[in-house]
Engineer: 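Shown below is the structure under consideration.
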Amino acid sequence: MIEAVADRFEGAPRQLRRRWSDDFKARAVAEALEPGSSVSAIARRLDIHPSQLFSWRRAALGPHKKSIGSSGHQAVTPSAGVAIIEVLIGDVVVRAPVDADEAHLQRVIRAVRSA
């Protein structure tokens with residue numbers, strides 16, 4: 001008779017939860033909010049799963065979202081301490097840092113509207 005025992009193999013590494021400091025999370029989210037940044041590339045470089053960084057970013061932006069006025073844009077300050085501008089065009093949201101180049105932001109908005 002074969003008996004199955006649910007136990008880890010001898011010598012197998014223990015999978016412990018990794019803990020990230022609030023400072024690390026804030027820096028990662030701030031980098032992920034930069035225009036043109038790739039969350040997947042940032043996560044790979046930081047040795048974390050991309051879904052973890054997406055979750056941190058969503059948590060940083062989520063509680064600070066308010067209703068958007070008739071102009072269609074608002075300034076948002078996520079808990080990571082990075083102030084951004086959010087422009088809603090139809091069902092597309094364009095996010096940019098407050099100090100973004102105005103000419104570049106206009107080109108992006110025109111491109112989204114024409115798409």
Side-chain angles (χ1 to χ4, degrees):
M1 172 178 238
I2 299 175
E3 183 178 324
V5 178
D7 202 4
R8 69 183 193 90
F9 292 114
E10 192 61 40
R14 288 194 180 271
Q15 295 296 323
L16 300 176
R17 285 182 171 238
R18 298 191 294 180
R19 305 277 183 203
W20 303 107
S21 69
D22 290 337
D23 182 53
F24 177 84
K25 292 177 187 179
R27 284 184 284 127
V29 168
E31 189 175 343
L33 289 173
E34 290 292 320
S37 64
S38 167
V39 172
S40 295
I42 294 167
R44 196 174 318 116
R45 186 174 48 76
L46 296 175
D47 192 32
I48 61 176
H49 199 275
S51 65
Q52 183 68 65
L53 185 51
F54 277 113
S55 176
W56 292 344
R57 189 177 71 169
R58 187 174 37 257
L61 292 174
H64 298 284
K65 289 190 176 184
K66 297 182 181 162
S67 61
I68 298 174
S70 60
S71 63
H73 58 341
Q74 69 175 0
V76 177
T77 306
S79 60
V82 179
I84 62 169
I85 297 171
E86 238 180 41
V87 181
L88 180 62
I89 305 169
D91 60 345
V92 176
V93 178
V94 177
R95 293 186 183 98
V98 171
D99 59 348
D101 179 47
E102 184 179 345
H104 178 70
L105 192 53
Q106 287 176 350
R107 286 191 300 272
V108 170
I109 290 170
R110 275 192 224 110
V112 170
R113 284 183 177 160
S114 66

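Start at 1 with the first residue, then count along the sequence.
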Engineer: Among all residues two or more places apart in sequence or in another chain, which pass the side chain to side chain contact (heavy atoms under 4.5 Å, CB included) test with Ala28?
Structural biologist: Leu46, Leu53, Trp56

Engineer: Can you tell me how far apart CZ (Arg110) and CZ (Arg113) are? Round to the nearest 0.5 Å.
Structural biologist: 9.5 Å

Engineer: With Glu102, which residues qualify under side chain to side chain contact (heavy atoms under 4.5 Å, CB included), at least two apart?
Structural biologist: Gln106

Engineer: Can you tell me how far the NE2 atom of His49 sits from the CZ atom of Phe54, to the nearest 0.5 Å?
Structural biologist: 10.5 Å

Engineer: Enter the distance from Arg95:CZ to Leu33:CG here, rounded to the nearest 0.5 Å.
Structural biologist: 8.0 Å

Engineer: So which heavy atom on Val29 is nearest to which on Arg57, and how close?
Structural biologist: CG2-N, 3.9 Å

Engineer: Name each donor-acceptor pair under 3.5 Å that joins a side chain in residues 35-42 to protein atoms two or more places apart or in another chain, with its distance.
Structural biologist:
{"from": "Ser37", "atom 1": "OG", "to": "Glu31", "atom 2": "O", "distance (Å)": "3.3"}
{"from": "Ser37", "atom 1": "OG", "to": "Ala32", "atom 2": "O", "distance (Å)": "2.9"}
{"from": "Ser37", "atom 1": "OG", "to": "Glu34", "atom 2": "O", "distance (Å)": "2.8"}
{"from": "Ser38", "atom 1": "OG", "to": "Ala41", "atom 2": "N", "distance (Å)": "3.2"}

Engineer: Counting only heavy atoms not in Asp23, do more than 12 sit closer than 6.0 Å to its CG atom?
Structural biologist: yes

Engineer: If you take all heavy atoms of Trp20 and Ile48, which pair is closest and at what distance?
Structural biologist: CZ2-CG2, 3.4 Å

Engineer: Determine, step by step, whether Val94 and Val112 satisfy the side-chain contact (heavy atoms from CB on, under 4.5 Å) criterion, reporting the C-alpha distance in whole Å, the side-chain angles of both residues, the deciding distance to 0.1 Å, and the verdict.
Structural biologist: CA-CA 9 Å; Val94 177; Val112 170; 4.0 Å; yes

Engineer: With rounding to the nearest 0.5 angstrom, report the CD1 to CG distance, Ile109 to Leu105.
Structural biologist: 4.0 Å

